[in-house]
Amino acid sequence: MNTEAKKVYFHTFGCQMNVYDTGKMRAQLTADGFEETDVPEEADLVLLNTCSIREKAVDKMLSNLGEHRRRKREGQKLTIGIAGCVAQERGKELMERFPDVDLVFGPDGVPAVRDLVSAAMEGKRVLDTDFLDLDNYPFVADVDPSDHGVSAFVTIQKGCDNKCTFCIVPSTRGIEVSRPAAEIVQETRDLVARGVQEIVLIGQNVNSYGLKRADCPTFAQLLYQVAEVPGVERIRYTTSHPRDMGDDVMQAYRDLPQLTSHLHLPVQSGSNKILRRMKRYYTRERFLEVVDKLRDARPDIQLTTDIIVGFADETDEDFEETMTLLDEVGFVGSFSFKYSPRPGTPALKMKWSVPPEVASERLTRYQDRQRELSLAWHRGLEGQTVDILVEGPSRHDEGVVCGRTSTHAMINVPGDLSLVGKTLPARVTRGFTHSARGELV
Ligand code: SAH
Ligand code: SF4
Ligand code: F3S
């Protein structure tokens, strides 16, 4: 395709899947002669990689889209593409509502992004929201050219076979497909060769990796395979489903020093009634059992979680159970949200709803308590010497770099960019809510 160094501007909304997919689009389009720009006014092509997990995410994307459409109306020669989960969910509607949008495609369009873009830039209007054939699903091998940092994502599966009643992801990402282990190991090697030290394995439910394919290892076995790649200093993974955390993964925490002492384990609610309504298929008791086993296997492990408040008929008592679970587990961080009704999800048929102001109050209470726990955690590190992997410059202070402990605490230390990629001991001097300050020893 003859693009004569056309410029592409990406805007990514949503989760690690979308960040990763944008990387794969970047890889393919730059190989095709595109140059990436971070100035939308200079772009020939704008690609929005969108998220529909909550209505707010959709609103954010629509307002962003409005700016690009405005510049196009005002004369900028621009091809506008919408990719990702909103595109998948509302493709036809987007095409009808926005005549100046040229291209709409879902997550399964990522492997074909060159052809899709090329057709759109030739002036066709393109809508592609077909799911791909599950056999031989074409996971993209090309490495994201911007992946030369310390940490990089590697996808191990696409889609999700769960049917959590609040969640739109199964309909935007389709049926779960595991990526062949050889491809995962190869991508890991490619990334390590570029200087990456921390591999983050990603999927919507990584623990179910390989279960549907006779030719795939289990998730735990995959962890051992990735750990064998020379140069992999740290391995993290996300997202885990508490129901599927098996004893073989616990064993991996005993065996593999590369596995970091941090796990993001979304619990969603502390109430068994609400968990049942969500169809999460575990109880509070089972969740606590998983936490105990993890701490048995890896005593210093720290946990973060996702919480939804105000779901279905959540009463004050149900919510209190979420509050007590927060303390009982001692999560060091949470992504917490008010329930947002999503089109086409089973929860829409539930006859209950929590008044928005009640949900807001609960969210505030949860977040306040979480902040206290996060602060206590970081303060608890004061005076300790911890190993940090230096990731890059601090976003706020010049002459300061930030690093992560194995438990994923962010520690800012005075230093320059020559330290990036090094694992170094640091003494923590002061803990805050979201990070701590320290100095290298
Ligand atoms: N696969 C992951 C979660 C992906 S979505 C898992 O099972 O844990 C990320 C988070 O968004 C979820 O954990 C949930 O807390 C939140 N979320 C999903 N749907 C939502 C909705 N309709 N309203 C509010 N939060 C939602
Ligand atoms: Fe959504 Fe549940 Fe699948 Fe996570 S496991 S992506 S919450 S359906
Ligand atoms: Fe959003 Fe799609 Fe991820 S809905 S959270 S971008 S899977």
Side-chain angles (χ1 to χ4, degrees), residues 11-22 48-61 82-90 106-110 129 153 155-176 201-209 237-245 263-270 274-275 277-282 287 290 303-312 314 322 331 333-348 350 353-354 356 359-360 362-363 366-367 370:
H11 191 130
T12 308
F13 302 83
C15 68
Q16 65 279 356
M17 301 292 159
N18 266 13
V19 172
Y20 182 83
D21 284 351
T22 297
L48 306 182
N49 199 4
T50 62
C51 171
S52 49
I53 199 78
R54 284 166 292 273
E55 198 56 36
K56 261 195 193 154
V58 179
D59 293 344
K60 241 173 45 194
M61 164 264 169
I82 306 179
C85 290
V86 184
Q88 184 64 39
E89 181 216 337
R90 305 187 189 177
D108 274 16
V110 168
T129 51
F153 294 138
T155 199
I156 68 167
Q157 72 194 161
K158 86 116 198 167
C160 181
D161 283 355
N162 288 331
K163 294 182 177 61
C164 304
T165 52
F166 53 80
C167 183
I168 199 165
V169 172
S171 69
T172 64
R173 297 258 162 190
I175 290 170
E176 181 190 311
L201 303 175
I202 60 170
Q204 289 299 351
N205 182 13
V206 292
N207 300 87
S208 67
Y209 171 81
Y237 56 90
T238 194
T239 311
S240 261
H241 193 296
R243 177 197 56 196
D244 300 322
M245 279 295 288
L263 181 62
H264 185 65
L265 196 59
V267 66
Q268 314 298 357
S269 170
I274 295 299
L275 289 171
R277 302 243 193 277
M278 290 175 163
K279 286 214 195 313
R280 290 290 288 185
Y281 297 110
Y282 52 82
F287 184 85
V290 170
L303 301 172
T304 53
T305 199
D306 291 349
I307 294 288
I308 298 177
V309 303
F311 182 68
E314 183 187 75
T322 300
F331 291 114
S334 297
F335 296 112
S336 47
F337 314 96
K338 271 191 283 184
Y339 167 60
S340 167
R342 308 311 299 129
T345 54
L348 281 191
M350 295 181 182
S353 69
V354 173
S360 296
R362 288 179 188 164
L363 186 64
Y366 184 89
Q367 292 179 338
Q370 178 62 79

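As the structure lists them, so they are numbered: ligands from 1, and atoms in each ligand from 1. No experiment lies behind these values; they were computed from the predicted model shown.
Side-chain contact between K279 and K163: absent, with no pair of heavy atoms (C-beta onward) separated by less than 4.5 Å. In this structure, the side chains of I168 and C85 stay at 4.5 Å or more apart for every pair of heavy atoms. Under the 4.5 Å side-chain criterion, counting only non-hydrogen atoms from C-beta, T22 is not in contact with V19.
Partners of R277 according to the salt bridge (Lys or Arg N to Asp or Glu O under 4.0 Å) rule, which considers only residues two or more places apart in sequence or in another chain, are D313.
Around atom 1 (Fe) of ligand 3, protein N, O or S atoms at less than 2.8 Å comprise C51 SG.
A donor-acceptor pair under 3.5 Å is absent between the side-chain atoms of E314 and the main chain of V354, judged by distance alone. At least one donor-acceptor pair closer than 3.5 Å links the side chain of N18 to the backbone N or O of T50. Distance alone, capped at 3.5 Å, places no donor-acceptor pair between the Q204 side chain and the G159 backbone. A donor-acceptor pair is defined here as one N or O able to donate and one able to accept, closer than 3.5 Å; such a pair exists between the side chain of R342 and the backbone of S52.
Annotation: I175, atom CD1; neighbour count of heavy atoms from other residues, nucleotides and ligands within 6.0 Å does not exceed 12.
Using a 30° and 60° split on the angle between ring planes, H264 and F335 fall in the perpendicular class, above 60°.
Under a 4.0 angstrom heavy-atom cut-off, R280 registers as being in contact with ligand 2. Look at Q16 and you'll find every heavy atom at least 4.0 Å from all atoms of ligand 3.
Within 4.0 Å of ligand 1, protein heavy atoms come from I53, R54, F166, Q204, T239, P266, Q268, R280, D306, I308, F337, K338, Y339, S340, R342.
A donor atom on one side chain and an acceptor atom on the other are not found under 3.5 Å apart for Y366 and T322. Between N49 and T12, the side chains place no donor N or O within less than 3.5 Å of an acceptor N or O (distance only, hydrogens not considered). Side-chain atoms of Q367 and S336 include a donor-acceptor pair closer than 3.5 Å.
If you look at Y281 and H241, their ring centroids are not closer than 6.0 Å.
The Q204 neighbourhood of ligand 3 comprises atoms 7 (S), with distances under 4.0 Å to a heavy atom of that residue.
Around atom 1 (Fe) of ligand 2, protein atoms of type N, O or S found under 2.8 Å number 1.
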